[in-house]
Structures are given as C-alpha cells and as structure tokens.
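Beneath this line is the structure, given in structure tokens, with notes to follow.
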Amino acid sequence: SVQILEVLEKKTPASVRVDPWNFFPDSTCSDNVHQGSGCWEREYKSPRQLRDLAKVGGYLKGQIVECLREGPQHYTAEGGISIRDRSAEASAYDDARYELWTYTGDADRDDLESVDVMLPGGELDSHSAIVVMCNNRVIKAILNPMDTGGLPYDVFVYERLDYSPWGVGIPYLMQYAQRTLNAAWRALLDNMAVTAGGQIVMDRTVIVPADGKWVITRNKIWWAVSDNGNTDIRHAFNTFEFASHQAEFENVIRLAMQFADEETSLPQIAQGNQGTASDNVGSMTMLMNSANTVLRRLVKNFDDTITRPHIRRYYDWNMQYNPKEEIKGDFECDARGSTALMVRDQQ
C-alpha cells in the first residue's frame, strides 16, 4: 500500500488577546471602537517569521522580498518619537524586528483595486477590508471575510468615558485618595522618627564620658568634673519629648481608604473583608447583596462589551460558513453572567 499525505485546509475562527499598547482604534470612535471607521493593530515579526509569511496564501511575496531587502523600518509619530518607545515592548533588542500593521475597516475602492483585490459590483466607494502593511508596503489585502463587515475587536473598560474608548480604571478613580493616604503615611513615619526617643540636652561642663564618647549607651560611666561642689549633678541631663500625632494620621489614612471605597465603588467587603455585620444568615445576605451590586454592574458591562458581541461573531461565522444547514436560523446571543452566575455563586 502507498501512503499519500493529504493536506486539508480549513478556516476556523479563533480568539486572541491584543496588547492595548499595540491596538490603535479610530480617534473618532468616541466610547465604542465599533463606531469608528477602522482599527490598527501592531505586531512584531523576526526576519524569519516575515520570510515564512511569503509562503502563506494571500500575502504578496514580491512586497515581502522588498521589505527584507530594505530592513526593518519603524513608524515614527509626530514629534519624532517612535511609538515602540512608549510601548511595553520597547527594548534595544527590538531593532532587528519588523513592525506589521494590520488595518481592519473601511478602505477606498481605488486603493483596494491598486493591490489587485477583486471587488463586487456596485457603486460603493469603500468596502470593509483587512490590509497588512510592513515598511509602508502593503503585503496583504483582502475583503473582510464576514458579510457583516464589523470590526473583530472588543474592548472592556472598568469605567466608561464619553470621549475615549479606553475608559478609566481603579487607579485613576482613586488617585486623589491614594495621594492623601501616601501623604498621611509619610507624615506618620516622619513623626514616628522624631518621637521614637527623647531629645537629650546635656551640660558638657558638668560631666564627661569615661570612654570619651558622647553617645548614650547602657551601663555607661560618666565623670563629674564640676569645680563647684554645690552643683546638682542631676541637672547634667535633661530629656524633652515631642508630641506624637499617630492617632490623627491614622484617622486620615482610614478616611482616605473610605474615600477610595466610595470613589471606586469597590468596597472592601467585595474584596474579602468580612465587614461589621452580625454573624447570621439575614445580615450576611444583605451585606453580600450590597457588596455584589458593583460586581453585577461590572459583569454586565463585560457581557455587553465582550461576551455578547464576541459570541455573536462566532454565530455569524457559522451562519455564513458552516456547511450544516440544519443549524442555521435566526438566533440571539443571551449573556447571563451578571445574573445566573452571580446568584449561583452566592447560593
């Protein structure tokens, strides 16, 4: 018998995480990336990885050869600052890698036709497409494989902003409480350093140390050197104490922590602190319901911005490409994490 290797190619959807430092949505998208005309994603490829892309269908081999001949070129923003210098991957070792920029969104008909993209008939001036660039050269250009033409990105933020798709997180919301807590803690440490011991005043004309060192140690011998026998040797030393304000600083720290809980809407009871409720079923149930209010809002926000649209794209893919006609129909993705899972966890 003869063994024959048969290679089967099958396109399947997949989910990946994109580093926020490598993701650049349309600046006009407001608080939702899907309202913009497109998104850019950056990734790095070594020369070998870029060379391997020439063997993948859809990539322009001639353009990749020119990129390899030119060497890596990195995009520089206005002001002469390279974007990679502000990213988490900025390193002296990155200079030998190529920057690949993948654009997903609306593209002009003339631009797509210039790279031999077959366009459907019609009078549309723009189409949803995916374009991959390296060294300002287009190395791949295809129409969006989804008929819906949507962007394949979902962004979750802790707190939304009307003018930014990035929103804000817990550190931003509690920044002023954190500054107050830091200042109070520094003041407490400074005050503790001053009040840890007494301030000693010494009359050097009355006594001298037997070992010649003016340092206070235990069981030390001092010589009385006063010529006047009426001098009270007990006046040679005197100690003064500065007032400790530890209680006041502790109150400021607790107040700052209270402000942080209120500003972030994430109380300590939701972080594992038992709180001050009575140890009975009714009190603990009310306490947990109050603490989980914020978590429910966050989970629902995650469902609305990640789970539902992400699963919807998998559904659209199956409706368009799955060969099983019996699974196709008009369905709606219903994300219930904020209700069912939270209640189940509490139970």
Side-chain angles (χ1 to χ4, degrees), residues 13-45 73-90 94 97-109 111-112 115 117 124-173 298 300-317 333 335:
S15 300
V16 296
R17 175 191 176 274
V18 178
D19 190 343
W21 287 104
N22 295 328
F23 179 64
F24 303 89
D26 186 1
S27 59
T28 63
C29 66
S30 185
D31 65 337
N32 190 344
V33 296
H34 296 280
Q35 296 178 358
S37 59
C39 296
W40 289 88
E41 179 184 347
R42 176 186 56 184
E43 59 180 329
Y44 297 106
K45 297 290 185 182
Q73 298 178 7
H74 306 304
Y75 174 75
T76 302
E78 296 182 2
I81 300 177
S82 175
I83 291 183
R84 70 192 297 119
D85 295 336
R86 290 179 284 179
S87 71
E89 297 189 16
D94 294 344
R97 298 191 300 174
Y98 289 84
E99 280 186 1
L100 264 65
W101 293 85
T102 302
Y103 171 77
T104 304
D106 298 337
D108 294 338
R109 170 181 286 270
D111 294 335
L112 294 175
V115 289
V117 176
L124 294 177
D125 294 332
S126 64
H127 295 268
S128 179
I130 300 176
V131 182
V132 183
M133 301 184 64
C134 179
N135 287 7
N136 288 329
R137 294 180 178 273
V138 176
I139 62 175
K140 181 180 180 179
I142 60 173
L143 290 177
N144 194 324
M146 300 300 298
D147 292 340
T148 57
L151 302 178
Y153 298 100
D154 297 309
V155 178
F156 169 76
V157 297
Y158 184 84
E159 193 75 26
R160 283 189 173 187
L161 292 179
D162 293 337
Y163 53 85
S164 172
W166 304 113
V168 293
I170 292 178
Y172 180 88
L173 295 175
L298 292 177
K300 186 178 185 305
N301 189 19
F302 188 89
D303 288 342
D304 294 340
T305 58
I306 298 292
T307 307
R308 184 176 290 107
H310 198 75
I311 298 300
R312 180 70 191 186
R313 280 195 292 274
Y314 276 97
Y315 167 76
D316 293 339
W317 174 276
C333 298

Can you confirm whether Arg313 sits close enough to Pro13 that some side-chain heavy atom of one is under 4.5 Å from a side-chain heavy atom of the other?
no
CD1 of Ile130 to CE of Met146, rounded to nearest 0.5 Å, is 10.5 Å
Side chain to side chain contact (heavy atoms under 4.5 Å, CB included) against Asp147, all qualifying residues, sequence neighbours excluded:
Gln320
Where do Ser37 and Tyr103 come nearest, in terms of heavy atoms and distance?
O-OH, 3.5 Å
So, for Val117 and Ala141, which heavy atoms are closest and what is the spacing to 0.1 Å?
CG2-O, 3.4 Å
One should read off an interatomic distance between Thr102 OG1 and Glu41 CD, to the nearest 0.5 angstrom, of 6.0 Å
Going by atom types alone, do Glu159 and Tyr172 pair a side-chain donor with an acceptor below 3.5 Å?
no
As an exercise, state the distance from CE of Met133 to CD1 of Ile139, rounded to the nearest 0.5 Å.
9.5 Å
Using the ring of each side chain (for Trp, its six-membered ring), is Phe24 parallel, tilted or perpendicular to Trp101, with breaks at 30° and 60°?
tilted
Mind listing the closest non-hydrogen atom pair of Trp21 and Arg42 along with its distance?
O-NH2, 3.0 Å
Donor-acceptor pair, side chain of Asn22 and main chain of Glu43, under 3.5 angstrom
no
Supply the atom-to-atom distance Asp31 CG to Leu161 CG, rounded to the nearest 0.5 angstrom.
8.5 Å
Please identify each residue that fulfils salt bridge (charged side-chain N to carboxylate O under 4.0 Å, His left out) with Asp26, with sequence neighbours left out.
none
Side chain to side chain contact (heavy atoms under 4.5 Å, CB included) between Arg160 and Thr305, intermediate numbers included
CA-CA 11 Å; Arg160 283 189 173 187; Thr305 58; 3.0 Å; yes
Output for pair (Leu298 CG, Tyr158 OH), nearest 0.5 Å, gives 5.0 Å
Please tell me if the side chains of Pro165 and Val155 come closer than 4.5 Å, counting only heavy atoms from C-beta onward.
no
Please verify the inter-ring angle class for Phe23 with Trp166; under 30° counts as parallel, over 60° as perpendicular, anything in between as tilted.
perpendicular
Does the side chain to side chain contact (heavy atoms under 4.5 Å, CB included) test come out yes or no for His34 and Asp154, once each step is laid out?
CA-CA 8 Å; His34 296 280; Asp154 297 309; 3.4 Å; yes
With Ser128 as partner, the option from Thr104, Asn144, Leu151, Leu143 fulfilling side chain to side chain contact (heavy atoms under 4.5 Å, CB included) is Asn144
Parallel, tilted or perpendicular: rings of Phe156 and Phe302 (30°, 60°):
perpendicular
Identify the two heavy atoms, one from His310 and one from Ser15, that lie closest to each other, and give their separation to 0.1 Å.
NE2-OG, 2.6 Å
Please round to the nearest 0.5 Å and tell me the distance separating atom CG of Asp303 and atom SG of Cys333.
11.5 Å
